[in-house]
Amino acid sequence: MPDLEQTVITKDNLWEVIASYQGEGFYTAKQLPFTYSIKGGEFFTERKKKSITRATFEQAYQKIQDDREHKIVGPKTLNCFGAPYVWAVFKALGIVS
(Lines give C-alpha, C1' and ligand atoms only; values in the text may rest on other atoms or scores of the structure.)
Protein backbone atom coordinates (compact mmCIF):
# COMPACT_ATOMS: atom_id res chain seq x y z
CA MET A 1 0.00 0.00 0.00
CA PRO A 2 1.42 3.42 -0.91
CA ASP A 3 2.34 5.85 1.85
CA LEU A 4 -0.60 8.25 2.11
CA GLU A 5 1.24 10.70 4.31
CA GLN A 6 3.57 11.48 1.39
CA THR A 7 0.73 11.88 -1.12
CA VAL A 8 -1.06 15.14 -1.82
CA ILE A 9 -4.34 14.24 -3.47
CA THR A 10 -5.63 16.55 -6.18
CA LYS A 11 -8.33 16.13 -8.81
CA ASP A 12 -5.55 15.51 -11.35
CA ASN A 13 -3.96 12.58 -9.48
CA LEU A 14 -7.09 11.26 -7.73
CA TRP A 15 -7.66 8.34 -10.10
CA GLU A 16 -4.00 7.32 -9.97
CA VAL A 17 -4.12 7.27 -6.16
CA ILE A 18 -7.37 5.26 -6.15
CA ALA A 19 -5.87 2.78 -8.64
CA SER A 20 -2.82 2.32 -6.41
CA TYR A 21 -5.05 0.92 -3.62
CA GLN A 22 -6.92 -1.68 -5.66
CA GLY A 23 -6.98 -5.06 -3.96
CA GLU A 24 -6.75 -3.53 -0.47
CA GLY A 25 -9.56 -4.04 2.05
CA PHE A 26 -12.05 -1.24 2.67
CA TYR A 27 -15.27 -0.88 4.67
CA THR A 28 -18.44 0.99 3.84
CA ALA A 29 -20.05 3.25 6.47
CA LYS A 30 -22.21 0.23 7.40
CA GLN A 31 -19.01 -1.78 7.94
CA LEU A 32 -19.46 -4.01 4.88
CA PRO A 33 -16.04 -5.18 3.71
CA PHE A 34 -15.04 -4.85 0.06
CA THR A 35 -12.09 -4.73 -2.29
CA TYR A 36 -12.01 -3.23 -5.74
CA SER A 37 -10.21 -3.39 -9.04
CA ILE A 38 -9.68 -0.76 -11.69
CA LYS A 39 -10.11 -1.49 -15.39
CA GLY A 40 -9.42 1.59 -17.47
CA GLY A 41 -11.70 4.34 -16.19
CA GLU A 42 -13.96 2.02 -14.19
CA PHE A 43 -14.02 0.93 -10.55
CA PHE A 44 -15.36 -2.57 -9.89
CA THR A 45 -16.22 -4.07 -6.51
CA GLU A 46 -17.48 -7.57 -5.84
CA ARG A 47 -20.51 -6.12 -4.03
CA LYS A 48 -21.93 -4.21 -7.01
CA LYS A 49 -22.82 -5.42 -10.51
CA LYS A 50 -22.29 -2.07 -12.25
CA SER A 51 -19.01 -0.19 -12.28
CA ILE A 52 -18.43 3.26 -10.87
CA THR A 53 -16.71 5.53 -13.36
CA ARG A 54 -13.66 7.69 -12.93
CA ALA A 55 -15.85 10.70 -13.75
CA THR A 56 -18.13 9.85 -10.81
CA PHE A 57 -15.16 9.88 -8.42
CA GLU A 58 -13.87 13.14 -9.89
CA GLN A 59 -17.30 14.81 -9.66
CA ALA A 60 -17.73 13.63 -6.06
CA TYR A 61 -14.25 14.92 -5.22
CA GLN A 62 -15.13 18.30 -6.72
CA LYS A 63 -18.42 18.39 -4.76
CA ILE A 64 -16.47 17.85 -1.53
CA GLN A 65 -13.93 20.54 -2.45
CA ASP A 66 -16.76 23.00 -3.20
CA ASP A 67 -18.72 22.19 -0.02
CA ARG A 68 -17.92 25.33 1.99
CA GLU A 69 -20.92 24.84 4.29
CA HIS A 70 -19.91 21.27 5.23
CA LYS A 71 -23.23 19.78 4.17
CA ILE A 72 -21.62 16.61 2.79
CA VAL A 73 -21.31 14.47 5.90
CA GLY A 74 -21.78 10.92 4.62
CA PRO A 75 -22.48 8.74 1.61
CA LYS A 76 -26.11 9.80 1.24
CA THR A 77 -25.24 13.49 1.19
CA LEU A 78 -22.61 12.82 -1.48
CA ASN A 79 -25.57 12.04 -3.75
CA CYS A 80 -23.85 10.07 -6.52
CA PHE A 81 -23.95 6.57 -7.98
CA GLY A 82 -22.05 4.11 -5.77
CA ALA A 83 -21.82 6.66 -2.96
CA PRO A 84 -21.09 4.10 -0.18
CA TYR A 85 -17.99 2.93 -2.07
CA VAL A 86 -16.89 6.39 -3.16
CA TRP A 87 -17.26 7.60 0.45
CA ALA A 88 -15.37 4.61 1.87
CA VAL A 89 -12.42 5.16 -0.47
CA PHE A 90 -12.41 8.91 0.18
CA LYS A 91 -12.50 8.26 3.93
CA ALA A 92 -9.58 5.85 3.74
CA LEU A 93 -7.62 8.37 1.66
CA GLY A 94 -8.35 11.16 4.15
CA ILE A 95 -10.41 13.22 1.71
CA VAL A 96 -13.38 13.11 4.10
CA SER A 97 -13.42 12.43 7.82
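Computed from heavy atoms alone, side chains included, the values below leave out hydrogens, waters and symmetry copies.
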- [ ] Please check if the side chain of Thr77 supplies one atom and the backbone of Val73 the other of a donor-acceptor pair under 3.5 Å.
- [x] yes
TODO: Describe, in one word, how the ring planes of Phe43 and Phe57 are oriented to each other, choosing from parallel (under 30°), tilted (30 to 60°) and perpendicular (over 60°).
DONE: tilted
TODO: Output yes when a side-chain donor or acceptor of Tyr36 lies under 3.5 Å from a complementary backbone atom of Val89, and no otherwise.
DONE: no
- [ ] Tell me whether the centres of the aromatic rings in Phe34 and Tyr85 are closer together than 6.0 Å.
- [x] yes
Open item on the list: Quick check against the 3.5 Å criterion: does Tyr21 have a side-chain atom that pairs as donor or acceptor with the backbone of Leu93?
Closed with: no
- [ ] Sort out for me which residue in Glu46, Glu24, Gln22 forms a side chain to side chain donor-acceptor pair (under 3.5 Å) with Thr35.
- [x] Glu46
TODO: Under the side chain to side chain contact (heavy atoms under 4.5 Å, CB included) rule, what do Ile64 and Phe90 come out as? Steps first, then yes or no, please.
DONE: CA-CA 10 Å; Ile64 290 164; Phe90 282 1; 3.4 Å; yes
Task: Closest contact, heavy atoms only, Ala60 versus Val86 - done: CB-CG1, 3.8 Å
- [ ] Check Ala88 against Phe26 and note the closest heavy-atom contact, atom names and distance.
- [x] O-CD2, 4.2 Å
Task: Same cluster (ILVMFWY, side-chain, under 4.5 Å), Phe44 and Trp87 - done: no
Task: Worked check of side chain to side chain contact (heavy atoms under 4.5 Å, CB included) between Phe81 and Thr53 - done: CA-CA 9 Å; Phe81 179 78; Thr53 64; over 6 Å; no
Task: Which atom of Asp67 lies closest to which atom of Ile72, heavy atoms considered - done: OD2-N, 2.8 Å
TODO: Starting at CG of Asp66, measure out to CD of Gln59 and round the result to the nearest 0.5 Å.
DONE: 12.0 Å
Open item on the list: Is there a side chain to side chain contact (heavy atoms under 4.5 Å, CB included) between Gln65 and Gln62? Walk through the geometry before answering.
Closed with: CA-CA 5 Å; Gln65 298 304 304; Gln62 194 60 53; 4.1 Å; yes
- [ ] Evaluate whether atom CD of Glu16 has more than 12 neighbouring non-hydrogen atoms of other residues, nucleotides or ligands under 6.0 angstrom away.
- [x] no
TODO: Only pairs at least two apart or in different chains count here, so list each salt bridge (charged side-chain N to carboxylate O under 4.0 Å, His left out) that has a residue in residues 47-65.
DONE: Arg54-Glu58
Open item on the list: Measuring only between side-chain heavy atoms, which start at C-beta, is Ile95 closer than 4.5 Å to Leu14?
Closed with: yes
Open item on the list: Testing the basics here: between Ile18 and Ile38, what is the closest heavy-atom pair and its distance to 0.1 Å?
Closed with: CG2-CD1, 4.2 Å
